[in-house]
Amino acid sequence: MMRVQSVGSATGVMDLWRSAVAEDLEWAESACFPPAGTYRTPGGTIEGMFTRLAQGWDNWATHDDTCVADGQRVLVLARYTARNKASGRDWRHAGRAISPASAGRVRMEQIVDCVTSRAAMT
């Protein structure tokens with residue numbers, strides 16, 4: 001399910017992304033990243049987080065390189081790439097996402113490198 005939601009978010013196919021997340025989704029985005037905050041519900045996350053990403057970044061891509069599961073949680077080691085619209089700078093980041101298991105659906109805590117994201121925005 002983590003791969004499905006990653007492909008959906010990377011390609012902008014939000015119906016695919018929505019198919020992989022729980023209706024009671026809670027998505028916590030890093031405080032240092034522009035769409036920082038905690039979003040609840042798939043619609044709230046699309047509107048609050050993904051829409052804000054699209055407003056600030058071009059060519060957003062998510063590459064989920066490694067998924068590790070222990071039955072309780074899934075850890076995704078991923079790479080993110082994008083170009084900041086305001087600065088014109090490219091952003092390449094190795095990120096992590098932690099998802100507690102929830103009936104085969106995704107709940108997320110996103111961890112972003114504050115230094116590289118701020119550097120791309122200035």
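FYI, the numbering just counts along the sequence from 1.
- Nearest heavy-atom pair, P35 versus G48, reported as atom, atom and distance to 0.1 Å: CB-O, 4.3 Å.
- Between the CZ atom of R92 and the NE2 atom of H63 there is a distance of 9.0 Å, given to the nearest 0.5 Å.
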Review point. Could you walk me through whether W60 and F50 pass the side-chain contact (heavy atoms from CB on, under 4.5 Å) check?
Key: CA-CA 10 Å; W60 183 269; F50 287 112; 5.8 Å; no
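- Residue S19 holds its OG atom at 8.5 Å from CG of D15, rounded to the nearest 0.5 Å.
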Exercise for review: Apply the test side-chain contact (heavy atoms from CB on, under 4.5 Å) to residues T38 and R40: give CA-CA distance (whole Å), side-chain angles for both, the deciding distance (0.1 Å), then the verdict.
Suggested key: CA-CA 7 Å; T38 300; R40 291 173 179 83; 3.8 Å; yes
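- Nearest heavy-atom pair, C32 versus V112, reported as atom, atom and distance to 0.1 Å: SG-O, 3.9 Å.
- Looking at M49 and W27, their side chains come closer than 4.5 Å, going by heavy atoms from C-beta outward.
- The two residues Q110 and E29 make their nearest non-hydrogen contact at CG-OE2, 3.3 Å.
- No donor-acceptor pair under 3.5 Å is formed between the side chain of T116 and the backbone N or O of H93.
- Under the 6.0 Å cut-off for aromatic ring centres, Y80 and W57 do not qualify, their centroids lying 6.0 Å or more apart.
- Counting only heavy atoms from C-beta outward, the side chains of I46 and R18 approach each other to under 4.5 Å.
- Nearest approach of E23 to P42, heavy atoms of both residues: O-CD, 3.5 Å.
- For the atom pair CG of L75 and CD of E109, the computed distance is 10.5 Å after rounding to the nearest 0.5 Å.
- The salt bridge (Lys or Arg N to Asp or Glu O under 4.0 Å) test applied to R83 returns D90, not counting sequence neighbours.
- No side-chain donor from either of T81 and W91 sits under 3.5 Å from a side-chain acceptor of the other.
- In this structure, the side chain of S30 does not engage the main chain of F33 through any donor-acceptor pair within 3.5 Å.
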**Study point:** T45 vs W17, side-chain contact (heavy atoms from CB on, under 4.5 Å): CA-CA, chis, key distance, verdict
**Key:** CA-CA 11 Å; T45 304; W17 177 85; 3.8 Å; yes
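- For the pair T66 (side chain) and L77 (backbone), a donor-acceptor distance under 3.5 Å is absent.
- Considering CG of L53 and CG of D58, their distance stands at 11.5 Å, rounded to 0.5 Å.
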